[in-house]
Amino acid sequence: MGVTAVAGSRPGGRGKGQVIVMDKKEIQRVFQGKWITTESFCNLQPVNVFHRQLEEAHISAAAPQNSHILFRRHFEARGGIQTYIYISADDYYKLYINGRFVCQGPAPGYPFHYYYNKVDITGHIREGSNLIAVHTYYQGLINRVWVSGDDRHGLILDVEQGGETIVSSDESFRCTVHSGFQGMGKAGYDTQFLERYTSGSPQEGFERADYDDSGWAYAKPRANTDYILYEQPTKMLVFEEIRPTLAWDGKGVTADFGAVYVGYLYAEARGEKGSSIEVLSAQELEEDGCPRWRLRCNCDYREEWQLSGGADVLNQFDYKSFRYVRLNLPAGCRVENICLKARHYPFALQAAPGFQDPELLPVWNLCVNSLRYGVQETIQDCMEREKGNYLGDGCYTALAHYALTGDASILKKLVDDSLRSSFINRGLMTCAACSFMQEIAEYPLMVYPMLVRYHELSGDRAYLEECYDSLCGVLDYYREAYGQENGLLCNVDKWCVVEWPANYRGGYAADVSDGKVCTDMHNVVNAHYLGALKSMNQISAIAGRDRYCDEAPVEEAFYRIFYDPEKKLFQDKEGDDHMSLIANVFPFMYGLFPEEETKEAIVGLIEERGFTSVMLFGAYPILEGLRRLGRKEQMYQCLKDQGAWKRMLREGATTTFEGWGKETKWNTSLFHLTLSYGAMFLIEE
């Protein structure tokens, strides 16, 4: 099974309603193991969480949220023989072999294209009796992290040794709910449950071989499964231990890990049974030096750790983004061995900076560091409030990640998972492989120029050929659903974000309010559409196909409606002479110049309004437009703008912010990957 998109009718195209299957050579596995779960989940029917954003949907799930479910099984094996485990879980798992942590996963996917991990566990296997222990998690929330809230939970695995399956998931596995985890409310946009961890719970130490699980129930086979399993095409996460500097006082300790990371707090403590340590995590300090645990992005990182009276170890399951931790200690409590277990996608820098100006080096380091520690199992926007696999933001971030590492797998996963969302809407969804339904109009259109640029950097023609029919299908949908007689788009029932936050749109004249159909024929969505058509024709040439379409009539209509030949600039919308900068930067990037003078007019407008009068989505096209015109020095001046990346650095950034500064947005994430794309324009090509 491949990525599918439904095509519409067009000259030289396919018949309306035909399903297009992307020819991807992916590794599927038919497991000998069964999907196993608990009594409370085993007979639940999967709940459909998928719908168009503007459709009214009533999602009625029955499964308990925030469920930490454990599995164990002893098995016999030989030592020193190559052994693999094939494993997946819904929503997530952490795997232990013989008491040692091995890995966690899988990366999020849709049930019809769900991922499993193939992991070499040879080094963990000993002669004779061995133990598999798995901590699985069903979150149950409708958010941007996983496809959850759908009553699906389960674990599936096979262990192969010497080519023979020696153990598989079935009813011989013991299982129970971990009672040591209780929720303390939710963080972000229902993104995660904050945790109260109780040391000394009956399930603590379940991963050890000598743990007694005789009181546990046997696992139940999942009655209603509809997964199709594919080997995860991306690498597994890696982990680093980050040691802090510590500041003690009479009430506790503040740990500073030196930079903002993504991961889990580890600590050991001993205190009176039933007493609690308050755990406050933060990305910055308050003016009085206390960690600001009420984050700017509206996540309140306050959690608790209840002690058993013995030697306790903090166990956090879900990750957060933080630099500082404050542990407020009860009387008589001692704590030690504090560290941050940072998690991230493997990162090996392959690119070199292409500049000589030392003033640009801090900007380069900031962007590179953000990508090194920010990319997880997917390209995400922010590390705290949403953890969303956003297509639009991700196009820029994934391209930068590829340019720096030469590893295209994360970029391809973003595109593939997004194309798979065509089963919800042929025009694709905003966030891939999740249960939160959002549609932003320009995001799917941003894929096309990104793939052209990817090909320029990589020469990877095969991937464009794989995607070709699916890409055609998305553009077919846009034309059929929103195309007008002049070839432009109008009455779009997807939100066109234009620029974010809205105060950076420069008074953009069109009404692009979220949650309603935009009845204005406006510039930005059509600039993206025209850019996508032109890019699709380039992709057609690369793939050795006929041109997708004749974009000339659409381009002429764009100029006729939006271009002012006297001012040599573009208007925001039809019938309105307002000219915002954001309405000109996308034509600038896509080379939409009806006259030679248009280039200089737009460059002049950028200089007049200022680079930082736009932000997340407007800055990239300015840099890309200047790059294409060979204006490297002007591009570098933008990158050195005192109000852009250098402002982040002045405000103490160790990772890129969601905006140009801490106060430029009302809910600013201080670890947001979008603006890490600055590195794209600093590499030596």
side-chain hydrogen bond (donor to acceptor under 3.5 Å, both in side chains) with Asn117: of Gln104, Gln232, Lys235, only one passes, and it is Gln232
Point-to-point distance, once rounded to the nearest 0.5 Å, from NZ of Lys412 to CG of Asp417: 14.0 Å
Lys/Arg cation over aromatic Tyr84: Lys118, 6.0 Å, 45° cone: yes
Salt bridge check, Glu555 against Lys534: does any charged N sit closer than 4.0 Å to a carboxylate O? yes
So Phe558 and Phe570, would you call those rings parallel, tilted or perpendicular, with 30° and 60° as cut-offs? tilted
With a distance cut-off below 6.0 Å to the six-membered ring centre and an angular limit of 45° from the axis, does Lys320 pair with Phe671 as a cation-pi contact? no
Presence of salt bridge, Glu499 and Arg505, under 4.0 angstrom: no
Would you please test Phe681 and Tyr620 for ring pair (Phe, Tyr, Trp, His ring centres under 6.0 Å) and show each step? CA-CA 9 Å; Phe681 302 96; Tyr620 183 96; 5.3 Å; yes
salt_bridge(Arg343, Glu377) N-O dist < 4.0 Å: yes
Looking at Lys662, is its backbone amide N or carbonyl O close enough to the side chain of Glu651 to form a donor-acceptor pair, meaning the two atoms are under 3.5 Å apart? yes
Using ring centroids (six-membered ring only for Trp), state whether Tyr114 and Tyr230 fall under 6.0 Å. no
Would you find a donor on one side and an acceptor on the other, under 3.5 Å apart, between the side chain of Glu386 and the backbone of Tyr189? no
Check the pair Tyr448 / Asn537 against side-chain hydrogen bond (donor to acceptor under 3.5 Å, both in side chains), numbers first and verdict last. CA-CA 10 Å; Tyr448 298 82; Asn537 282 333; over 6 Å; no
So, Ser535 side chain and Met450 main chain: donor-acceptor pair closer than 3.5 Å or not? no
Quick one: sort the His113 and Tyr115 rings into parallel, tilted or perpendicular, breaks at 30° and 60°. perpendicular
Please find out if less than 6.0 Å separates the ring center of Tyr373 from that of Phe347. no
Tyr478 vs Tyr529 aromatic rings, parallel, tilted or perpendicular, using cut-offs 30° and 60°? parallel
At what distance, to the nearest 0.5 angstrom, does CD1 of Ile242 lie from SG of Cys339? 8.5 Å
For residues Val260 and Phe322, determine if any side-chain heavy atom of one lies less than 4.5 Å from a side-chain heavy atom of the other. no
More than 12 heavy atoms of other residues, nucleotides or ligands under 6.0 Å from CD1 of Ile27: yes or no? no
Parallel, tilted or perpendicular: rings of His528 and Phe586 (30°, 60°): tilted
Could you check whether any side-chain N or O of Arg100 sits under 3.5 Å from a backbone N or O of His124, counting only pairs where one atom can act as donor and the other as acceptor? no
Decide yes or no for Asp393 and Tyr443: does some side-chain heavy atom of the first lie under 4.5 Å from some side-chain heavy atom of the second? yes
Does a donor on one side chain and an acceptor on the other come within less than 3.5 Å for Thr191 and Glu384? no
Would you mind checking if Glu607 and Arg631 are paired as a salt bridge, meaning a charged N to carboxylate O distance below 4.0 Å? no
NZ/NE/NH1/NH2 to OD/OE distance under 4.0 Å, Lys599 and Glu596: yes
Relative to Tyr86, does Arg29 satisfy both conditions: NZ or CZ under 6.0 angstrom from the six-membered ring centre, and within 45 degrees of the ring's axis? yes
Enter the distance from Leu464:CG to Ile539:CD1 here, rounded to the nearest 0.5 Å. 5.0 Å
At what distance, to the nearest 0.5 angstrom, does NE2 of His672 lie from CZ of Arg385? 6.0 Å
Would you please indicate if the ring centroids of Trp660 and Phe611 are separated by under 6.0 Å? yes
How are the rings of Phe617 and Tyr396 set relative to one another: parallel (under 30°), tilted (30 to 60°) or perpendicular (over 60°)? tilted
Would one find more than 12 heavy atoms of other residues, nucleotides or ligands at under 6.0 Å from atom CD of Glu608? yes
Please check if the number of heavy atoms outside Asp546 that lie under 6.0 Å from its CG is greater than 12. no
